[in-house]
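Each remark here refers to the structure printed beneath this line.
Nothing here was measured: the structure is a model prediction, and the numbers come from that model. Residues take their numbers from the sequence shown, with the count starting at 1. Counting starts at 1 for both ligands and their atoms, in listed order.
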Amino acid sequence: MEGIFVKKNKFVIVGSGSSYAPAIVAVLLQRRTDIRLGEIVLYDIDASRAARTGRFCELYAAENGGIPVTYTTDIEQAFRGADFLFVQIRPGCNAQREKDEKIPLSHGILGQETCGLGGFSFAMRCIPAILEIVGKAQELCPDAWILNYSNPEAMISEAIYRTYPKAKALCICDMPISQEETIADFLEIPHKELTFRYFGLNHFGWFTHIYDKQGCDLLPALRERVLSDSTVRLVNAEAVEKQDNYWGEMYAHAIEGFRAYPEFFPLVYLSYYYFHNQIVEDMNPEYTRANYVMDVREKVVFEDCDRCIAEGTTRSSALHAGVHGNYIVDIANAIINDTHERFIINTMNRGAIGNFNHDAVVEVPCYVGAGGIEPVSVGYIPQFHKSLMEAQKGYEKLTVEAALTGSYQKALQAVLLNRTVPSYAVGKAVLDELMEANKGYWNELY
Ligand code: G6P
Ligand code: MN
């Protein structure tokens, strides 16, 4: 290769003040040769958050590969010349997430960042912000690939693909692969030796088959074990390592969901709909996931950053790179090296699910290469799943409409289509309270 010019890639993390950013940087550095890493730019609108993770990552990179890392609040400087934008923003940070979770719970319905009306509220904040970012990218770095992790991905993907159909944007979520890895561990087979078939919407999907290298579908045997043994548990290794019991409970509910509807293995998030009342009863309306994230995860990561910055070295860092960072870098690698690996991605349906709206974003396996994605044809899906998805999709599309048009009517219609909303009175009351709590974040509804 000597003498041949090899283009190095510029990666930008948008929303780099997040506690997830250092782990993504760590994976980029680990994979620097494969992905021809040239530089990393960390971009955030909040200068002090940008500086904390930014200074940590600068030091970390200097000690782990010597790749230049800079941080900035200047979008032009960040985006010009970019090859990849990794977007993971949270307008209003976890303080607004806390309101999204607590307001619905105070009315007796699910309070969660992506499902139920918490997800609606988050979408109303995030859609305008994400469209501004993708718009700027079209202007400043139109050839860059945009890999979006921002939530609620179901509605963010609808908004991006509808507004910028030509953008090189892929909307991704690490939940399906995290669940695949958990199932693979349970089956005691390396994840790479299994091929999972799957369909659905983001945080609303099902695994239909699990093929091994011999072409044998292991889902029926898994079903058999779950149905015949009430002690079966799925253990997510990463959550155990982080002592984060939330995922243990989520997987327990997913097993219950598989027992209740044994046709396909549900994504863990479906439990919020399958077992809404039971889960809400078990939630503490005074202390939600956002509180845990702020009190534990953010605290651990940010204290780690502060300490290392003070020490002038990251040698004592407890930085943990897991599925979140690996997944997004794996997808970038598949594009850069044209690997045609298979990943579950949110994409316009266009026939991938034969009997579902073709103009709707769905979450399906796709082959990924230098030319982008090729969705796998899933065929026809059963009536039950199709109907659940249709109602959910109606809610998602109306939420996007409400965010884009500012129509209160559309917002109310969206809310009333959500499965967690039991009545007009509850839906409207929660909508009005969320609207009040999000002044300055949502586009005004009229
Ligand atoms: C999974 C989901 C993400 C979600 C995250 C929540 O990774 O795929 O969409 O944001 O879990 O994690 P947290 O620890 O913030 O509750
Ligand atoms: Mn997700």
Partners passing ring pair (Phe, Tyr, Trp, His ring centres under 6.0 Å) against F11 (at least two apart in sequence or in another chain):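 So F11 forms a ring pair (Phe, Tyr, Trp, His ring centres under 6.0 Å) with F84, F86.
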
Residues in ring pair (Phe, Tyr, Trp, His ring centres under 6.0 Å) contact with Y164, at least two apart in sequence or another chain: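 Partners of Y164 by the ring pair (Phe, Tyr, Trp, His ring centres under 6.0 Å) criterion come out as none, since no residue qualifies.
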
Salt bridge flag under 4.0 Å for residues E390 and K386: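 A salt bridge links E390 with K386.
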
Carboxylate-amine/guanidinium proximity below 4.0 Å for D34 and R31: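 Counted as a salt bridge, because a side-chain N and a carboxylate O are separated by less than 4.0 Å.
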
H253 ring center within less than 6.0 Å of Y274 ring center: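 No, ring centres 6.0 Å or more apart.
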
Of all pairs that satisfy side-chain hydrogen bond (donor to acceptor under 3.5 Å, both in side chains), the ones with a partner from residues 188-198, not counting sequence neighbours: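 Those involving residues 188-198 are E180-H191, Y198-E363.
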
Vertex the Mn ion (ligand 2), rays to SG in C173 and NE2 in H203 - rounded to 10°: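 Value, to the nearest 10 degrees: 100°.
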
Does ligand 1 have any N/O pairs with the protein under 3.5 Å, and how far apart?
| residue | atom | partner | partner atom | Å |
| --- | --- | --- | --- | --- |
| ligand 1 | 7 (O) | D174 | OD1 | 2.6 |
| ligand 1 | 7 (O) | D174 | OD2 | 3.4 |
| ligand 1 | 8 (O) | D174 | OD1 | 2.9 |
| ligand 1 | 8 (O) | H203 | NE2 | 3.4 |
| ligand 1 | 9 (O) | N151 | ND2 | 2.7 |
| ligand 1 | 9 (O) | H203 | NE2 | 3.2 |
| ligand 1 | 10 (O) | E113 | OE2 | 2.8 |
| ligand 1 | 10 (O) | N151 | ND2 | 2.9 |
| ligand 1 | 11 (O) | Y269 | OH | 3.4 |
| ligand 1 | 14 (O) | R289 | NH2 | 2.7 |
| ligand 1 | 14 (O) | R297 | NH1 | 2.6 |
| ligand 1 | 15 (O) | R97 | NH1 | 2.9 |
| ligand 1 | 15 (O) | R297 | NH2 | 3.0 |
| ligand 1 | 16 (O) | R97 | NH2 | 2.8 |
| ligand 1 | 16 (O) | R289 | NE | 2.8 |

